[in-house]
Amino acid sequence: MPHNIADEADVLRRKLDRADYLYYVKDQPDISDAEYDKLMRRLQELEQTYPSIITPDSPTQRVGATVQSELAPHTHIVPMLSLQNAMGEDELRAFDQRVKRFLGLDPDSDVEYVCELKFDGLAVSLTYVDGVLAAGATRGDGTVGENITANLKTVKSVPLRIPVEAGTGGTDPIPSTVEVRGEVILFHEEFRRINEDREQSGEPTFANPRNAAAGSLRQLDPNITAKRRLNMFCYGIGACEGRAFVTQHEILSILESWGFRVNPNVCVCATIDDVCEYIAGWAEKKETLPYDIDGMVVKVNSLTLQSELGAVARSPRWAVAFKYPAQQATTVVTEIRVQVGRTGALTPVAIMEPVEVGGVTVSRATLHNEDEVRRKDVRVGDTVVVQRAGEVIPEVVEVVAEKRTGDEVEFVMPDHCPVCGADVERAEGEAVARCVGIACPAKIRETMIHFTSRGAMDIDGVGPALIDQLIAANLIGDPADIYSLTVEQLCALDRMGSKSAENAVAAIEKSKQAPLSRLIYALGIRHVGERTAAALARHFTTIDALAAASENELAEVPDAGPVVADSIARFFRQDETKRVLEKLRAAGIDPRGESRDESGMFAGQSVVFTGALERLTRDQAEAIVRRLGGSPSSSVSKNTSLVVAGEKAGSKLEKATSLGVKVMSEGEFLEMVDPR
DNA sequence: TAGCCTCGAGTTCA
DNA sequence: CTCGAGGCTA
């Protein structure tokens, strides 16, 4: 072998190590992907030709290890302890008092703490011998874990060796043996990517990033792990040969200088009050992180005090895990009810024993459709995990299979409508089953609620409750009947005073002025929502022109194709529709189309609002955009011109940032449309 | 014809 | 907010 080959390989390894470090630990890449690939290919070439030069810490060894038949046990030198939980500020202060009592300190004195994020992932330990990664293992029972070295090597933020030049300029030698502790996690973006892939290939999806990370790490085939871009944050040291530390905070900085990824969100707090304040500050902010945390870890900063405090059973007395109120909880499904929507869609809804999730009581959650019920295999009597997706809407995450008794009842979609008894049909290739009944009371009710709703005729004071009463009293049978209601009729109903009756009638009267687009939308034609209704109104200008249009004419409207055209034509052919339109006209409703400013500052642009707006309502904000010639939209894509992000903006903001779409705050938006 | 972009529809709780 | 499906475009 030529003498300089080993040297060249070494230089390549250093360059690749540095590139991995800058990219995966520091988030500041210095070379392009192409350059990286070139270096990697050259190194692989050399190692293939001269296998004797391969070292265990070579970057080529991150992938390509062979499949194992089972995971070998690994004994930790220093056990990995688990932490006691604190469920609120009270328990946190109780922990502080315990610490002081144990140390024989005055209850009013202060102990210095370090607060760190508690990642929702998998705790692992990395063992380095003479600076080279020798073993990696899961926590296991704390004493013995599973050896997952090959899998951990595929995690790019895990250094394969601690560079000799690290630390304080060489005067501070790398310990001969050191155990580095941390948490392996999946970022949200990567979690989504994995689940999308699995969905496409028909594999079951992971319920949450933690499960996905655990599943990926405990793979027997490291090639699979390599495809899941895992990440690791390090926060502690177990055994350490020939080096002592003074504080937890010092440990974090040393780990960072050794090239480990250390999370920057750390706070040294002089008092327990500061700790509480810091933790409260993250209660909301944690949702903006690109990965999951399930709380905060609070540690006594001084290692001297730590060893004085020691441990009880398997948890140290010097640390505690603060848990934010759970965003997930388990409960029991008591019933799967079937609801009938405006379009006749049958939706299974899980009725559950009420349970607290993130501060609110949840008792029902949609199961969307029959396929979804099958996929999650939810049965009546099952114990299930529920969470609030996107902070609000409850969702059944998964069934707790271990709690099955065998008495659970599988769900079957009824073949007759639970409300009117008509046949239920599921169109070829569609996910939803529908009631075909023409006069299904549920459909009529939902149609009327839709007609009066915000965005449609917007009749204030006429909501679902009143509509139910009116139907029961036989006062209305279709939406047009609303316009013949009198104050006297309304007053005669239960729980209806003269004042609210007058208000309702006034609102009904006012709605007669609604623009054509609203009326078209209010009719509730299948496949015609707000946007399509607006496009139709612009194109036809009167309801009669729309009603008379042929399918070909309808399909000429932008955004309307054969399916939409067929649905509209079919709707206007029905005798029922003709009767209702006649009644509406008789009541004095004959709206004209509206025009828009084509020279406004948003002309031809698409604007998306996300998060909670403080000074404007959604409707006001969208009206401003429309007035200035733009179209408000609900989803972000690369065609989006602008995203206005309010408080607690979520995935849309993330997407906008990743697509490089212009983003501004509500304040900046107002400044722009109305500079003063 | 495939893949992207939008829109429609359904849903929960305070 | 999320999913599914219709329409448009490369």
Side-chain angles (χ1 to χ4, degrees), chain A residues 188 192 195-196 199-200 205 287 337-352 354-373 375-376 386-397 426-434 442-443 446-447 449-450 453 455-456 464 517 520-536 554-568 606-612 618 622 631-641 648-655 659 661:
Chain A
H188 292 148
R192 267 197 297 273
N195 264 356
E196 269 166 33
E199 192 142 280
Q200 266 172 20
T205 54
E287 308 300 336
R337 202 176 284 171
V338 177
Q339 288 183 352
V340 183
R342 171 169 64 87
T343 63
L346 299 195
T347 309
V349 175
I351 309 296
M352 300 166 293
V355 65
E356 277 285 290
V357 185
V360 300
T361 310
V362 167
S363 61
R364 44 198 297 149
T366 176
L367 295 170
H368 297 111
N369 55 54
E370 198 176 2
D371 291 348
E372 182 78 0
V373 180
R375 187 157 47 221
K376 288 182 176 161
V386 289
Q387 72 178 12
R388 296 208 300 155
E391 284 295 91
V392 200
I393 297 168
E395 169 190 38
V396 174
V397 183
R426 184 171 162 185
E428 181 79 22
E430 284 204 1
V432 291
R434 295 196 144 84
K443 286 197 202 176
E446 298 300 324
T447 300
I449 292 174
H450 172 75
S453 71
S517 56
I520 296 173
Y521 173 60
L523 291 173
I525 307 163
R526 262 254 266 168
H527 298 124
V528 178
E530 278 188 276
R531 303 289 296 230
T532 311
L536 292 167
L554 287 163
E556 278 170 28
V557 176
D559 298 333
V563 176
V564 174
D566 173 76
S567 168
I568 297 169
S606 147
V607 181
V608 174
F609 294 91
T610 183
R618 270 305 157 99
E622 290 178 0
S631 10
S633 178
S634 58
S635 51
V636 178
S637 73
K638 67 176 181 346
N639 298 339
T640 307
S641 331
K648 282 206 261 173
S651 60
K652 279 185 218 167
L653 178 55
E654 247 177 78
K655 189 163 180 195
L659 287 172
V661 172

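In what follows, every chain begins at residue 1, and chains take the letters A, B, ... in the order their sequences are listed. What you see is a predicted model; the values in this text were computed from it and never measured.
Looking only at side-chain heavy atoms (C-beta outward), A/V386 and A/P394 stay at 4.5 Å or farther from each other. Put simply, the side chain of A/H527 does not reach to within 4.5 Å of the side chain of A/T532, judged on heavy atoms.
One can place CZ of A/R375 at 9 Å from P of C/dC3, the figure rounded to the nearest angstrom. Atom C1' of nucleotide B/dG8 and atom CG of A/L536 are separated by 14 Å, given to the nearest angstrom. Taking atom CG on A/N369 and atom C1' on C/dA5, their separation rounds to 13 Å, with Å as the unit. Look at NE2 on A/H527: it is 19 Å from P on C/dC3, rounded to the nearest Å. Atom-to-atom, CG of A/D566 to P of C/dA5 comes out at 17 Å; the value is rounded to the nearest Å. Atom CZ of A/R342 and atom P of B/dG10 are 6 Å apart (whole Å). Rounded to a whole Å, the NZ atom of A/K443 is 15 Å from the C1' atom of B/dA9. Note: CZ (A/R337) to P (B/dG10) measures 18 Å, nearest angstrom.
Residues that satisfy the salt bridge (Lys or Arg N to Asp or Glu O under 4.0 Å) test with A/D559, not counting sequence neighbours, are absent from this structure. Not counting sequence neighbours, the partners of A/V373 by the side chain to side chain contact (heavy atoms under 4.5 Å, CB included) test are A/P348, A/L367, A/F411. For A/R434, the side chain to side chain contact (heavy atoms under 4.5 Å, CB included) partners are A/T343, A/A345, A/E430, A/V432, A/R526, not counting sequence neighbours. Applying the salt bridge (Lys or Arg N to Asp or Glu O under 4.0 Å) test to A/E556 and every residue at least two apart in sequence or in another chain returns nothing. For A/H450, the ring pair (Phe, Tyr, Trp, His ring centres under 6.0 Å) partners at least two apart in sequence or on another chain are A/Y521. In this structure A/A535 satisfies the side chain to side chain contact (heavy atoms under 4.5 Å, CB included) test together with A/V557, sequence neighbours excluded. Partners of A/E370 under the salt bridge (Lys or Arg N to Asp or Glu O under 4.0 Å) rule, at least two apart in sequence or in another chain, are A/R374, A/R426.
Across residues 344-351 of chain A, A/A345, A/T347, A/V349 each have a non-hydrogen atom less than 4.0 Å from an atom of DNA chain B (numbered order).
Backbone-only contact: A/Q339 has heavy atoms under 4.0 Å from sugar-phosphate atoms and none from a base. At a threshold of 4.0 angstrom between heavy atoms, the contacts of A/V432 with the nucleic acid are absent.
At B/dT12, none of the side-chain N or O atoms of A/S363 fall inside 4.0 Å of OP1 or OP2 (strictly under the cut-off). Proximity of A/T532 to the phosphate of B/dG8: a side-chain N or O atom is located under 4.0 Å from OP1 or OP2.
The side chain of A/V564 has C/dG6 as its nearest neighbour among B/dC13, C/dG6, B/dA9. Closest to the side chain of A/R526, from the set B/dT11, B/dA9, B/dC13, is B/dA9. For A/A431, whose side chain is taken as the heavy atoms from C-beta onward, the closest listed nucleotide among B/dG8, B/dA9, C/dA5 is C/dA5.
Between A/E372 and A/R375, at least one side-chain nitrogen of the basic residue sits less than 4.0 Å from a carboxylate oxygen of the acidic one, meeting the salt-bridge criterion.
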Strictly under 3.5 Å: I want the nitrogen or oxygen pairs between protein and nucleotides 8-10 of chain C, one per line.
residue	atom	partner	partner atom	Å
C/dC8	OP1	A/D559	N	3.1

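Heavy-atom distances to DNA chain B give each of A/A365 and A/E530 a nearest nucleotide, and the one nearer the 5′ end belongs to A/E530.
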